[in-house]
J.: 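Below you'll find the structure I mean.
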Amino acid sequence: MRIKSKFNELNEKKKAALVTFITAGDPSLKDTKDIVLKLESSGADIIELGIPFSDPMADGPAIQLASERAIKSGATLTKILKLVKAIRKQTQIPIILFGYYNPFFIYGLDRFAKDAKKAGVDGVLVVDLPPEESYEFKRSLNKENLDLVFLLAPTSTSDRIKLVSKNCSGFIYLVSVTGVTGQRPNMNYSLQPLISEIRKYSDLPIGIGFGVSSSKQAEEISNIADAVIVGSALVRIIEKNGNNIDTVLKEMGDFTKQLSKACYRV
Amino acid sequence: MQTNYKFPDDLGHFGQFGGRYVSETLIPALLELEKSYIEIKNDKGFQKEVSHYLSEYVGRPTPLYFARSMTEKLGGAKIYLKREDLAHTGAHKINNTIGQGLLAAKMNKKRVIAETGAGQHGVATATVAALLDMECEVYMGLEDTRRQSLNVFRMKLLGANVKGVSSGTQTLKDAMNEAMRDWVTNVRDTFYIIGSVAGPHPYPMMVRDFQSVIGHEAKKQIIKNEGKLPDLLVACVGGGSNAMGLFFPFIQDRDVKKIGVEAAGEGIDTNRHSASISKGRVGVLHGSKTYVLQDENGLVKGAHSIAAGLDYPGVGPEHSFLNDEGLISYTSVNDTEALDAFKYLSEVEGIIPALETSHAVAHVIKIAPKMPKDSVIVICLSGRGDKDILSVNEYFEKDEKMHQ
Ligand SMILES: Cc1ncc(COP(=O)(O)O)c(C=O)c1O
């Protein structure tokens, strides 16, 4: 419900949602909490928390390294749910867990859905779980009213768009390019035809991510989609500043403010 | 005893295993691949082309050699070696790359990529790319580029670009991650030639089918030699392609026992082995649900084996299924036993086996003496050991020093 009301609220403000991704536990779980609060106070609308995985096949170097740092710091799905619970005491910002299927599967799908709901999670996005393989997890999540967000890509055919639209909830995550996550200075905005195609089958908000790293890109996306998703560019701030959390927070805050401003439609 | 074995289902499932666990960007490519594969599978022209290359280029059929000295020395079952080491490039891997390479050409892909551990699949892919005039990129963990340096040189000679992978454990698992990342980026013009019966559907099925030539030939050959089916088939299992290749044509023959040999590394009760079926837990890795070595939080563990081609924390999903159905048994052999078998076969039969293959040989050395003299074993001699002589030499030298 938090996701839906957030999009409604932003629509009235004529703002695209700014969705910010960081890997939970990078550089530590405690820092993640401070970063989330900072992101929110700087204008982020939805938080995506990456669940670190040993084999992040869909990620470029920035998020691979973030995942390694988080695993080293001891972040596990169990601890991340605890973290969300703690964050939830201080903010109502929608939180989506973003990860690979295996950690959820091993946690136990029903058990995860129950614990995630209790902790205050709003939705889940599993990169390597297409609709065909998702029915079991979807059943578990439905019971707890948690959203399951799916990806669409530039390679998606009408059949795929139909199938994803039928199964997706929360919003549709449109991958801007074929490729892994990571910053791309030059994005190719021939996404309009794909967006129109998706619109034929779904009323869900559409977010665009993978490669977004500047206010200029955020501005362009805001005018064609409902959400701007930024990950690697934020994660790089942690990579650059290591354990100097004050600098991380300051730079995250400044960058997020810029991005947030760019999300207002003109 | 005949039953109808019809796996995988339309979505690539072998019971609870297999499937297609990849990001949405790749799904259309996998669907297209599946469609093209099913077309050529039933296309006589294509099958003729594959057969042509397998006989004229690869040198098939490979011999089924009766290992007389080994049989006499061990004093039990009759031992036959299915000589995949004699196939062009020195391992079974070429059976699969010929098939996938020709399919890539059919699909008008001009660039192929591959992951490799031992380097045999990388060499086989580079070979086919040279043959069919395609651009070729091979991903290989840095640890493996060191211990299989001869194969790195071969790939380069064949015109392939070898990309050392420095992430994670720097072995096969990480090479596969990197190959997947390349594929998702270049999916429109690149064909990913996966080297084992692993990965998302249709790969496990397709690679199994291309490798089945091993078992089809062996069946004819053993009937010609012995007038009956063998009692036991033995093969090493990394991802499991040489094993599936030998076993699959016998899958309906329930009286033919089949044993897959995993790598026990430094011991199955240590943290350093690659015995995914024996010690793993059901999970999802590299696009399919299968047995995976992992911790209690679902993070995949690094595997270990002296044989780079077995050093992998997962296994092809059909093996997981066949294990649970009780249709194939799995056991494991450790580094030392494999090294001993490497030496043994070299000395006794004049055949230097790959370190991967040595695992299968080692298991037969253990069990053949206990079997009746009129029983028959076929080992899949998946590859030759030339690639391993440098690292085996290092091991023996270290070992000598330790015992001085
Ligand atoms: C000679 C040889 N045998 C076996 C293997 C293991 O692969 P698979 O289990 O797919 O046959 C390899 C892999 O590199 C190999 O080179």
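Atom set for the values below is all heavy atoms of this structure, side chains included, hydrogens, waters and symmetry mates excluded. In what follows, chains are A, B, ... by sequence order, proteins preceding strands, each numbered from 1.
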J.: Contact part of Leu65(A) toward chain B, heavy-atom cut-off under 4.5 Å: side chain, backbone, both or neither?
T.: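 For Leu65(A), there is no contact with chain B at all, as no heavy atom is under 4.5 Å.
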J.: Counting only heavy atoms closer than 4.5 Å, note whether Ile27(B) contacts chain A via side chain, backbone, both or neither.
T.: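 Side chain only.
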J.: Please look at Lys301(B) and chain A and tell me whether the side chain, the backbone, both or neither of the residue comes under 4.5 angstrom of a heavy atom of that chain.
T.: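 No part of Lys301(B) comes within 4.5 Å of chain A.
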J.: Decide yes or no for Glu137(B) and Tyr139(B): does some side-chain heavy atom of the first lie under 4.5 Å from some side-chain heavy atom of the second?
T.: yes
J.: Is chain A contacted by the side chain of Glu296(B), its backbone, both, or neither, given a heavy-atom distance below 4.5 Å?
T.: backbone
J.: Going through the checks in order, is the ring pair (Phe, Tyr, Trp, His ring centres under 6.0 Å) test met by Tyr291(B) and Phe17(B)?
T.: CA-CA 9 Å; Tyr291(B) 282 107; Phe17(B) 300 103; 5.5 Å; yes
J.: Using a 6.0 Å distance limit plus a 45 degree cone around the ring axis, check whether Arg111(A) lies over the aromatic ring of Tyr107(A).
T.: yes
J.: Need one label for Val187(B): side chain, backbone, both or neither, based on atoms under 4.5 Å from any heavy atom in chain A.
T.: side chain
J.: Which answer fits Val282(B), side chain, backbone, both or neither, if we ask what part of it has an atom under 4.5 Å from a heavy atom of chain A?
T.: both
J.: State, without any angle test, whether Asp174(B) and Ser167(B) hold a side-chain donor-acceptor pair at a distance under 3.5 Å.
T.: no
J.: Any heavy-atom pair between the side chains of Met107(B) and Leu103(B) that's under 4.5 Å?
T.: yes
J.: Please test Thr169(B) against Thr171(B) for side chain to side chain donor-acceptor pair (under 3.5 Å), starting from the C-alpha separation and ending with a verdict.
T.: CA-CA 5 Å; Thr169(B) 55; Thr171(B) 56; 3.0 Å; yes
J.: Using a cut-off of under 4.5 Å for heavy-atom pairs, which of Gly287(B), Gly283(B), Gly302(B) has the most such pairs with chain A?
T.: Gly283(B)
J.: Side chain, backbone, both or neither: which part of Val126(A) has a heavy atom under 4.5 Å from chain B?
T.: neither
J.: Does some side-chain heavy atom of Phe137(A) sit less than 4.5 Å from a side-chain heavy atom of Tyr101(A)?
T.: yes
J.: Side chain from CB out, backbone as N, CA, C, O: work out which of these in His286(B) comes under 4.5 Å of a heavy atom of chain A, or both, or neither.
T.: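 When you check distances to chain A, atoms from both the backbone and side chain of His286(B) fall under 4.5 Å.
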J.: With a 4.5 angstrom heavy-atom cut-off, could you sort out which part of Asp159(A) is near chain B: side chain, backbone, both or neither?
T.: neither
J.: Do you know which of Ser134(A), Ser54(A), Pro52(A) has the most heavy-atom pairs under 4.5 Å to chain B?
T.: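 It is Ser54(A).
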J.: Taking every non-hydrogen pair under 4.5 Å, which of Thr78(A), Val180(A), Thr155(A), Asp55(A) racks up the most with chain B?
T.: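 Answer, by heavy-atom pair count under 4.5 Å with chain B: Asp55(A).
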J.: Mind telling me whether Tyr173(A) and Phe210(A) have parallel, tilted or perpendicular rings, with 30° and 60° as the class edges?
T.: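 Aromatic pair Phe210(A)/Tyr173(A) classed perpendicular.
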